[in-house]
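All values below were derived from every heavy atom in this structure, side-chain atoms included, with hydrogens, water molecules and symmetry-related copies excluded.
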Amino acid sequence: MAKLGKRTRAAREAVAGKENLSVEEAVALIKSNANAKFDETVEISLNLGVDPRHADQMVRGVVGLPNGTGKDVRVAVFARGPKADEAKEAGADIVGAEDLMETVQGGTIEFDRCIATPDMMPVVGRLGKVLGPRNLMPNPKVGTVTMDVAEAVQNAKGGEVQFKAEKAGVVHAGVGKASFDEGKLVENVRAFVAAVNKAKPTGAKGTYVKKISLTSTMGPGVSIDVGNAASE
């Protein structure tokens, strides 16, 4: 078994035996143990009682975190003509049509969010096998297939987070940086949990949210009391 470093060992000891914390307690503990040389991302994971392989149990949605993510989001937009100009003016990092499709097909994906106008979907559709697994495929349900590309770009840049349940029924996302004030992280965590609860699918049976965990990029995880996380 690999020997743990002093920092890792100390971080694990700090959270040992601490479970089902309030959001406030979990945030404070995560922040106090985020000692890496960079600004760690605070990440949340929810284990849901769903099987995403069934269409009526898929969980997906979008939430605008009240205090942003602290991350510089790179946005690509598939658009032509005036809409392409609109996207550029709104701050999109990459704008294109067939040329952008060829770039992505060639293996170059230098963006974190992908937006498209409806008329571009026949082109973007060819990239399903590339963008789909990375959760980058534009989708009207989360506002990334739209004629209002300026608003979509601004939302993506302003702290909007998409989420989608993975095969095991887990939803995860970054909800801020360790440098954020505790109060801002608490607000972001509660906003994210509320959005996932709101996205509860019709086919979900039994307990919907089974477990919630919070961690930082290099730190250990702690569990949050589900009822506390869902309260205002």
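Under the 4.5 Å side-chain criterion, counting only non-hydrogen atoms from C-beta, R80 is in contact with E98. Between M121 and M137, some side-chain heavy-atom pair lies under the 4.5 Å cut-off. No side-chain heavy atom of N188 sits less than 4.5 Å from a side-chain heavy atom of F192. Under the 4.5 Å side-chain criterion, counting only non-hydrogen atoms from C-beta, K164 is in contact with M58. Taking the side chain as every heavy atom from C-beta outward, I212 and V23 never approach each other to under 4.5 Å. V59 is listed as a side-chain neighbour of F163, based on a closest heavy-atom distance under 4.5 Å. In this structure, the side chains of L131 and V124 come closer than 4.5 Å at one or more pairs of heavy atoms. Within the 4.5 Å cutoff, the side chain of L48 has heavy atoms near those of the V196 side chain.
Checked by atom type and distance alone, the side chain of T117 never pairs as donor or acceptor with a backbone atom of M147 at under 3.5 Å. Checked by atom type and distance alone, the side chain of D99 pairs as donor or acceptor with a backbone atom of A97 at under 3.5 Å. For the pair E43 (side chain) and T217 (backbone), a donor-acceptor distance under 3.5 Å is absent. Listed for the R113 side chain is no donor-acceptor partner under 3.5 Å among the backbone atoms of V77. Checking side-chain atoms of D93 against main-chain N and O of V75 turns up a donor-acceptor pair under 3.5 Å. T144 places a side-chain N or O within donor-acceptor distance of the main-chain N or O of N139, the cut-off being under 3.5 Å. One N or O on the side chain of K31 and one on the backbone of F180 form a donor-acceptor pair closer than 3.5 Å. In this structure, E40 contributes its side chain and A178 its backbone to no donor-acceptor pair below 3.5 Å. Between the side chain of T207 and the backbone N or O of K210 there is no donor-acceptor pair closer than 3.5 Å. In terms of modelled atom types and a separation under 3.5 Å, the side chain of D225 and the main chain of G227 share a donor-acceptor contact.
Between atom CG of residue N67 and atom CG of residue D181 there is a gap of 8.5 Å, rounded to the nearest 0.5 Å. With rounding to the nearest 0.5 Å, the separation of CZ in R190 from CD in E24 is 4.5 Å. In this structure, the separation between CD on Q105 and CG on L100 is 10.5 Å, given to the nearest 0.5 Å. Atom-to-atom distance recorded for K211:NZ and N47:CG is 6.5 Å, nearest 0.5 angstrom.
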Quick one, I224 with L21, criterion side chain to side chain contact (heavy atoms under 4.5 Å, CB included). Give me CA distance, side-chain angles, the key distance, then yes/no. CA-CA 5 Å; I224 296 176; L21 305 177; 5.5 Å; no
Verdict with reasoning, K167 to D51, per side chain to side chain contact (heavy atoms under 4.5 Å, CB included): CA-CA 7 Å; K167 290 182 180 179; D51 184 349; over 6 Å; no
Carefully, step by step, assess M101 and L127 under the rule side chain to side chain contact (heavy atoms under 4.5 Å, CB included). CA-CA 7 Å; M101 178 196 71; L127 301 172; 3.8 Å; yes
Does the side chain to side chain contact (heavy atoms under 4.5 Å, CB included) test come out yes or no for V27 and V42, once each step is laid out? CA-CA 9 Å; V27 165; V42 176; over 6 Å; no
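Evaluated for a side-chain contact (heavy atoms from CB on, under 4.5 Å) with K71, the options T41, D112, D39 yield exactly one hit, D112.
A pairwise comparison of heavy atoms in S223 and N20 identifies OG-N, 2.8 Å as the closest pair. Heavy-atom minimum distance, K177 versus G70: CE-O, 3.7 Å. Residues P201 and V50 come closest through the heavy atom pair CG-CG1, 4.1 Å. Summarising the geometry of V95 relative to A87, their closest heavy-atom pair is CG2-CB, 4.0 Å, with the distance given to 0.1 Å. The nearest pair of heavy atoms linking V153 to G91 is CG1-C, 4.0 Å. In terms of heavy atoms, V222 sits closest to A26 at CG2-CB, 3.8 Å.
Side chains of D148 and T146: a donor-acceptor N/O pair is absent below 3.5 angstrom, by distance only.
The residues E187 and K184 are annotated as not salt-bridged, no charged nitrogen and carboxylate oxygen being separated by less than 4.0 angstrom.
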